[in-house]
S.K.: 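To start, I am sharing the structure in question, which I have written as structure tokens.
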Amino acid sequence: GLKSVDEKALAAMEPAQRGGVLFSRHCQSCHSLGNSGGHEGPKLDGIAKILENRLKGAHEAEMRQLLKGEIPEDSRKRIEEVVQALTTRA
């Protein structure tokens with residue numbers, strides 16, 4: 001499955017595909033995207049647009065709502081990987 005993709009193969013993937021693998025590995029157990037994933041965390045539908053807008057300096061209030069509270073360092077690094085994969089243009 002997607003979780004077993006090695007790092008070399010991951011680096012060679014298109015950004016959207018790489019983002020899917022990272023979501024599968026680090027997010028899907030708690031968050032849903034579309035009709036798949038967990039239900040412990042908030043749904044992540046539309047998250048790419050929110051993050052893109054945040055990176056452009058817009059919608060800061062929505063981003064604060066999304067990331068309320070303390071974020072452990074390991075989670076922050078995974079979020080950064082997903083953001084990078086979602087926003088990198090091939």
Side-chain angles (χ1 to χ4, degrees):
L2 290 177
K3 290 185 179 187
S4 65
V5 173
D6 67 34
E7 295 305 311
K8 186 175 179 180
L10 184 65
M13 291 178 178
E14 294 294 321
Q17 187 179 18
R18 187 169 53 247
V21 171
L22 293 172
F23 174 79
S24 168
R25 284 183 182 174
H26 303 294
C27 309
Q28 192 170 21
S29 62
C30 294
H31 300 279
S32 65
L33 188 59
N35 293 324
S36 67
H39 301 288
E40 289 180 42
K43 291 183 174 198
L44 297 181
D45 296 311
I47 192 69
K49 188 64 176 172
I50 291 169
L51 293 173
E52 182 179 344
N53 288 336
R54 173 63 179 106
L55 292 173
K56 292 177 182 176
H59 301 292
E60 199 164 316
E62 288 94 330
M63 193 56 153
R64 277 195 299 268
Q65 276 186 320
L66 178 68
L67 299 176
K68 278 183 182 174
E70 296 280 324
I71 300 174
E73 183 64 25
D74 61 329
S75 295
R76 189 179 355 240
K77 288 179 182 178
R78 288 193 303 257
I79 291 168
E80 289 172 4
E81 288 178 350
V82 171
V83 169
Q84 184 177 0
L86 291 172
T87 58
T88 302
R89 304 287 183 230

S.K.: Measure across Arg18 and Met13 and return the closest heavy-atom pair with its distance rounded to 0.1 Å.
M.R.: NH1-O, 2.8 Å

S.K.: Of all the heavy-atom pairs spanning Arg25 and Leu10, show the shortest one and how long it is.
M.R.: NH1-CD2, 3.7 Å

S.K.: Return the set of residues passing side chain to side chain donor-acceptor pair (under 3.5 Å) with Glu40 (not counting sequence neighbours), or none when no residue passes.
M.R.: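 So Glu40 forms no side chain to side chain donor-acceptor pair (under 3.5 Å) with any residue.
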
S.K.: Tell me which donor-acceptor pairs under 3.5 Å the side chains of residues 30-38 have, and how far apart each pair is, sequence neighbours excluded?
M.R.:
| residue | atom | partner | partner atom | Å |
| --- | --- | --- | --- | --- |
| His31 | ND1 | Pro42 | O | 2.8 |
| Ser36 | OG | Gln28 | NE2 | 3.4 |

